[in-house]
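A quick write-up on the structure given underneath.
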Amino acid sequence: DYMGRAVINHDKCVECGICTVNCPFGAISDVSMMTSVIDALRSDGQEVVAMVAPAIEGQFGKATLPQIKEAIRQLGFKDVYEVALGADMVALSEAEELLERKAEGQPMTSSCCPAFVSLVRKHFPALLPFVSTTVSPMVAAERYIRSKRPEAVTVFIGPCVAKRFEALEDEYVSYVLTFEELNAVFDA
């Protein structure tokens, strides 16, 4: 800014979260949803379900995916869904969309990464027509869960802070936790 202090230019920010990792002073942080998730888990009558990113396997030492899912259930989650299911749905939808666009002579990019979509919106708006209209795997998985459990509180658990911003734009994804935050809840 005018005083020589580093500031985030929100007109340029694509909400990728890399600044939180790279700030040498640890002065930048995102807002955690951990306490909201814990409150939801402790609330009577709320069905809270977890949606785990495929990268969860390998995040907790030698624990297997079934062990991780059971640990999440022991925290109070009613069920654990794998977002890989949403990725399969997205792959099929994007493949169909790509074939349609190819027939029209148009290129297409994926819409799976919210930071990439934000980058295109803010910095390359002329390319926005070439971004797939298919939702991300997180949103696809959430919509599937919502079709089976309309009143469920959904919590996406993954490696990427950018998903938190995507959840804020989606009317149904309730909360997002990073793997680090899940590990903190396990420790607690």
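No experiment lies behind these values; they were computed from the predicted model shown.
- Within the structure, the side-chain hydrogen bond (donor to acceptor under 3.5 Å, both in side chains) test picks out the following pairs touching residues 157-166 (sequence neighbours left out): D30-R164, S136-E166, K163-E166, R164-E181.
- Taking all atoms of both residues into account, the shortest heavy-atom contact from Y175 to M33 is CA-SD, 3.6 Å.
- When hydrophobic clusters are built by joining Ile, Leu, Val, Met, Phe, Trp and Tyr residues whose side-chain heavy atoms come closer than 4.5 Å, directly or via intermediates, M138 is grouped together with V155.
- Contact detail for A167 and V173: the closest heavy-atom pair is CB-CG1, 3.6 Å.
- Considering only residues two or more places apart in sequence or on other chains, Q74 meets the side chain to side chain donor-acceptor pair (under 3.5 Å) condition with E70.
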For residues 39-63, please give each side-chain donor-acceptor pair under 3.5 Å, one per line with the distance, not counting sequence neighbours.
{"from": "E47", "atom 1": "OE2", "to": "R149", "atom 2": "NE", "distance (Å)": "2.9"}
{"from": "E47", "atom 1": "OE2", "to": "R149", "atom 2": "NH2", "distance (Å)": "3.2"}
{"from": "Q59", "atom 1": "NE2", "to": "A55", "atom 2": "O", "distance (Å)": "3.3"}

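- Between L127 and V120, the shortest heavy-atom contact is C-CG1, 3.9 Å.
- Looking at residues two or more places apart in sequence or on another chain, you find a side chain to side chain donor-acceptor pair (under 3.5 Å) between T64 and Q67.
- Heavy atoms only, all atoms of each residue included: C19 and I8 are closest at SG-CD1, 4.2 Å.
- You'll find the side chain of V176 stays beyond 4.5 Å of the side chain of I157, heavy atoms only.
- Note on F186: it clusters hydrophobically with F156, by side-chain heavy-atom contacts below 4.5 Å among ILVMFWY residues.
- Rounding to the nearest 0.5 Å places CG of L177 at 11.5 Å from CG of N183.
- Looking at heavy atoms from C-beta onward, Y144 lies in side-chain contact with M89 at the 4.5 angstrom threshold.
- At least one side-chain heavy atom of P107 sits less than 4.5 Å from a side-chain heavy atom of F130.
- Note on M108 and V135: separate hydrophobic clusters, where clusters join Ile, Leu, Val, Met, Phe, Trp and Tyr whose side-chain heavy atoms are under 4.5 Å apart, directly or indirectly.
- Screening residues 14-25 for salt bridge (charged side-chain N to carboxylate O under 4.0 Å, His left out) gives no qualifying pairs among residues at least two apart or on separate chains.
- In this structure, the side chain to side chain contact (heavy atoms under 4.5 Å, CB included) partners of S110, at least two apart in sequence or on a different chain, are E94, C112.
- The CD1 atom of I28 sits 9.0 Å away from the CG atom of N22 when rounded to the nearest 0.5 Å.
- The line from CD of E142 to CD1 of I145 is 6.5 Å long, rounded to the nearest 0.5 Å.
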Counting only pairs under 3.5 Å, give me each side-chain donor-acceptor contact of residues 97-106, with atom names and distances, residues two or more places apart or in other chains.
{"from": "E97", "atom 1": "OE1", "to": "S132", "atom 2": "OG", "distance (Å)": "2.6"}
{"from": "E97", "atom 1": "OE1", "to": "T133", "atom 2": "N", "distance (Å)": "3.3"}
{"from": "E97", "atom 1": "OE1", "to": "T134", "atom 2": "OG1", "distance (Å)": "3.0"}
{"from": "E97", "atom 1": "OE2", "to": "R101", "atom 2": "NE", "distance (Å)": "3.3"}
{"from": "E97", "atom 1": "OE2", "to": "R101", "atom 2": "NH2", "distance (Å)": "3.1"}
{"from": "E97", "atom 1": "OE2", "to": "T133", "atom 2": "N", "distance (Å)": "2.9"}
{"from": "E97", "atom 1": "OE2", "to": "T133", "atom 2": "OG1", "distance (Å)": "3.1"}
{"from": "R101", "atom 1": "NH1", "to": "P129", "atom 2": "O", "distance (Å)": "2.7"}
{"from": "R101", "atom 1": "NH2", "to": "P129", "atom 2": "O", "distance (Å)": "3.4"}
{"from": "R101", "atom 1": "NH2", "to": "V131", "atom 2": "O", "distance (Å)": "3.3"}

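- For residues 18-56, no pair satisfies ring pair (Phe, Tyr, Trp, His ring centres under 6.0 Å), with sequence neighbours left out.
- A donor-acceptor contact shorter than 3.5 Å is absent between the side chain of R73 and the backbone of F77.
- Among residues at least two apart or in separate chains, salt bridge (charged side-chain N to carboxylate O under 4.0 Å, His left out) pairs with a member in residues 120-138 are R121-E169.
- In this structure, V31 shares a hydrophobic cluster with no other residue, the cluster being traced through Ile, Leu, Val, Met, Phe, Trp and Tyr side chains under 4.5 angstrom apart.
- V83 and L168 fall within the same hydrophobic cluster, defined by Ile, Leu, Val, Met, Phe, Trp and Tyr side-chain heavy atoms under 4.5 Å apart, directly or through other members.
- Residues satisfying the side chain to side chain donor-acceptor pair (under 3.5 Å) criterion with T154, sequence neighbours excluded, are absent altogether.
- Among all heavy-atom pairs drawn from A152 and R146, the shortest one is O-NH1, 2.7 Å.
- Other members of a hydrophobic cluster containing V7 are absent, since no ILVMFWY side chain comes under 4.5 Å of it, directly or through relayed contacts.
- Cluster membership check: F179 shares its hydrophobic cluster with V37, using side-chain heavy-atom separations under 4.5 Å among Ile, Leu, Val, Met, Phe, Trp and Tyr.
- Of the inter-residue distances, the one linking L119 atom CG with C113 atom SG reads 9.0 Å to the nearest 0.5 angstrom.
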